[in-house]
Amino acid sequence: MQYSEKVMDHFMNPRNVGEIEDASGVGTVGNAKCGDIMKVYLKIDGDIVKDAKFKTFGCGAAVATSSMATELIIGKTIEEAIKITNKSVMEALDGLPPVKVHCSCLAEEALQAALWDYAQKNNITIEGLEPPKDSDHHHHIIEE
Ligand code: FES
């Protein structure tokens, strides 16, 4: 078995599945190669990420990393939230097999895209936050 117990746990019992209706920011990303899609909703109040939910159409590692990514971001300040990387998500899951690392990158990108959306909606600049790559393209994947 190449998956850690934590990965299996978050795959079988994913935390924070769903959507937030009045989300402060929503990020949708997709991986064109495997076709997996991840959507993250954030509720931000003041400077704090109060809640996070996700919907992932993807492989087991994509589900597990989305679940862990939402767990990690809840309660963080925006400044801390933008520092969550695929590495932090993987570490929190006790690692992923090398062929599954790209799945954790999707989780990182989804968080960043949701934070970017929040910044755009509120006309603010979050220092150190990059615009999501190819976001229009990702939206296409969803709408098609
Ligand atoms: Fe694509 Fe996991 S195989 S996200």
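Note that ligands are numbered from 1 as they come in the structure, with each ligand's atoms numbered from 1 the same way.
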S.K.: Say whether T70 and N16, considering side chains only, have a donor N or O and an acceptor N or O under 3.5 Å apart.
M.R.: yes
S.K.: For residues Y41 and E19, report the shortest heavy-atom separation together with the two atoms involved.
M.R.: CZ-CB, 3.2 Å
S.K.: NZ of K121: more than 12 outside heavy atoms within 6.0 angstrom?
M.R.: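 Yes.
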S.K.: When L106 is tested against each of L111, N86, N31 for side-chain contact (heavy atoms from CB on, under 4.5 Å), which residue passes?
M.R.: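 That would be N31.
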S.K.: Identify, for atom 4 (S) of ligand 1, the protein heavy atom at the shortest distance, and state residue, atom and that distance.
M.R.: D36 OD2, 3.0 Å
S.K.: Applying a heavy-atom cut-off of 4.0 Å, say which part of N31 lies close to ligand 1: side chain, backbone, both or neither.
M.R.: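 Near ligand 1, N31 shows nothing, with every heavy atom at 4.0 Å or more.
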S.K.: At under 4.0 Å between heavy atoms, is it the side chain or the backbone of H102 that contacts ligand 1, or both, or neither?
M.R.: side chain
S.K.: To the nearest 10 degrees, how large is the angle at atom 2 (Fe) of ligand 1 between C103 SG and C59 SG?
M.R.: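 Here the angle at the metal atom is close to 100°, to 10°.
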S.K.: Of all the heavy-atom pairs spanning Q112 and L129, show the shortest one and how long it is.
M.R.: OE1-CD1, 3.3 Å
S.K.: Provide the closest heavy-atom pair for A110 versus M38 in the form atom of the first, atom of the second, distance.
M.R.: CB-SD, 4.0 Å
S.K.: So is K33 in contact with ligand 1, going by heavy-atom distances below 4.0 Å?
M.R.: no
S.K.: For A62, take its heavy atoms, then give the atoms of ligand 1 lying under 4.0 Å from any of them.
M.R.: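 Going through ligand 1 atom by atom, the ones under 4.0 Å from A62 are 4 (S).
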S.K.: For atom 1 (Fe) of ligand 1, find the nearest protein heavy atom and state the residue, atom name and distance (0.1 Å precision).
M.R.: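 Ranking protein heavy atoms by distance from atom 1 (Fe) of ligand 1, first comes C34 SG, 2.1 Å.
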